[in-house]
Amino acid sequence: MDEQLKHLLILLGGIAAVLILIIILFSRKSFFMKFMSIFLEDTSVEQEKPSPRSRNGAPNGNQNFYSENVNTSQRRSGGDVQKKTSEPIVEMATLIRKSDDRLRVIESTGQQKLIDEYYELVFVTRKGKTLKIECSRDAYERVPFNQQGSLTYKRNTLVKFKYYEDVVYNN
């Protein structure tokens with residue numbers, strides 16, 4: 001019996017040593033994982049080239065540049081970052097803020113034009129995640145504040161917002 005107990009204790013000690021070694025090697029801050037992250041890093045994502053900026057720092061025709069800057073600033077500030085996918089995402093959300101950026105040009109004839117229009121809706125989901133969604137002027141005006149509904153978006157662009165009284169589509 002003493003021999004079997006001795007083998008059992010050796011086996012348990014070996015298992016404990018292996019588990020401690022695994023914890024040390026595979027923790028996030030270990031040198032081994034930092035070295036392995038070089039090989040495991042996903043470099044297949046292509047970066048979009050930014051377009052020139054207008055007077056207010058808004059993009060000249062390329063809305064993706066602005067949303068990339070928003071996502072970059074969110075990453076730096078530690079905020080939630082939306083994952084970009086090609087399929088529409090549906091979440092229950094509430095509108096908390098609207099923001100727009102427009103350049104109004106008035107000609108000598110009195111004619112007015114809006115250039116570089118950019119409309120953004122900021123929603124908060126049930127889980128507390130903040131989403132910044134681009135939309136059209138019509139959708140910007142029609143989506144009500146503090147109304148919970150089903151938000152459908154694709155790559156930071158509004159597809160539709162469905163709430164109790166109405167459905168707002170991005171035109």
Side-chain angles (χ1 to χ4, degrees), residues 26-30 33-34 36-107 111-171:
F26 293 102
S27 69
R28 287 186 183 179
K29 296 181 181 177
S30 73
M33 282 307 290
K34 288 178 184 176
M36 288 303 293
S37 69
I38 295 170
F39 299 108
L40 299 175
E41 206 171 86
D42 183 21
T43 58
S44 64
V45 178
E46 294 181 18
Q47 303 241 344
E48 295 178 24
K49 293 186 179 182
S51 65
R53 304 184 101 186
S54 68
R55 63 169 179 84
N56 292 348
N60 280 333
N62 187 354
Q63 302 302 335
N64 293 335
F65 179 71
Y66 183 79
S67 63
E68 263 186 67
N69 283 346
V70 169
N71 285 338
T72 304
S73 64
Q74 278 182 329
R75 271 188 229 113
R76 288 182 191 140
S77 67
D80 291 329
V81 176
Q82 290 172 232
K83 294 181 179 177
K84 293 186 175 184
T85 64
S86 60
E87 297 178 11
I89 299 171
V90 180
E91 294 190 54
M92 291 301 289
T94 305
L95 179 67
I96 58 170
R97 186 180 326 134
K98 294 180 180 183
S99 63
D100 61 12
D101 187 18
R102 299 174 276 192
L103 176 62
R104 186 173 60 171
V105 177
I106 302 173
E107 301 289 333
Q111 183 181 11
Q112 295 183 12
K113 288 192 263 184
L114 288 177
I115 301 174
D116 290 336
E117 292 179 275
Y118 176 78
Y119 299 95
E120 182 179 77
L121 302 173
V122 180
F123 291 91
V124 64
T125 65
R126 284 185 176 175
K127 295 179 181 177
K129 186 171 131 182
T130 303
L131 301 173
K132 294 185 177 183
I133 307 293
E134 298 174 22
C135 66
S136 65
R137 182 186 345 187
D138 182 49
Y140 177 83
E141 293 170 354
R142 291 186 55 211
V143 175
F145 280 105
N146 300 319
Q147 180 69 50
Q148 186 172 19
S150 174
L151 171 66
T152 306
Y153 63 98
K154 182 176 179 179
R155 293 187 184 216
N156 297 341
T157 303
L158 180 71
V159 174
K160 72 178 179 179
F161 182 70
K162 182 178 181 181
Y163 59 102
Y164 180 69
E165 298 168 2
D166 196 11
V167 178
V168 178
Y169 293 96
N170 194 28
N171 296 331

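Every heavy atom of this structure was used, including side-chain atoms; hydrogens, water molecules and symmetry mates were not.
Contact between Lys98 and Glu141 at its shortest, heavy atoms only, is NZ-O, 3.9 Å. The nearest pair of heavy atoms linking Tyr153 to Asn156 is CD1-N, 4.2 Å.
Interatomic distance, Ile106 CD1 to Lys113 NZ, rounded to the nearest 0.5 Å: 12.0 Å. Distance CG/Leu103 to CD1/Ile115: 5.5 Å, rounded to 0.5 Å. The OG1 atom of Thr125 sits 9.5 Å away from atom CG of Leu151, with the distance rounded to the nearest 0.5 Å. Between the CG atom in Leu121 and the NZ atom in Lys132 there is a gap of 12.5 Å [rounded to 0.5 Å]. Once rounded to the nearest 0.5 Å, the distance linking NZ of Lys154 with CD1 of Ile133 reads 13.5 Å. Rounding to the nearest 0.5 Å gives a distance of 5.0 Å between CD of Gln112 and CZ of Arg104.
Residues passing the salt bridge (charged side-chain N to carboxylate O under 4.0 Å, His left out) test with Arg97, sequence neighbours excluded: none. Gln148 pairs by the side-chain contact (heavy atoms from CB on, under 4.5 Å) definition with Met92, Thr94, Arg126, not counting sequence neighbours.
Side-chain atoms of Pro144 and Leu95, non-hydrogen and from C-beta on, never get closer than 4.5 Å to each other.
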Name each donor-acceptor pair under 3.5 Å that joins a side chain in residues 160-171 to protein atoms two or more places apart or in another chain, with its distance.
residue : atom : partner : partner atom : Å
Asp166  : OD2  : Arg142  : NH2          : 2.6
Asn170  : OD1  : Ser136  : N            : 2.6
Asn170  : OD1  : Ser136  : OG           : 3.0
Asn170  : ND2  : Leu158  : O            : 3.0
Asn171  : ND2  : Asp138  : OD2          : 3.3

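Sorted by first and then second residue, the ring pair (Phe, Tyr, Trp, His ring centres under 6.0 Å) pairs involving residues 125-149 (not counting sequence neighbours) are Tyr119-Tyr140.
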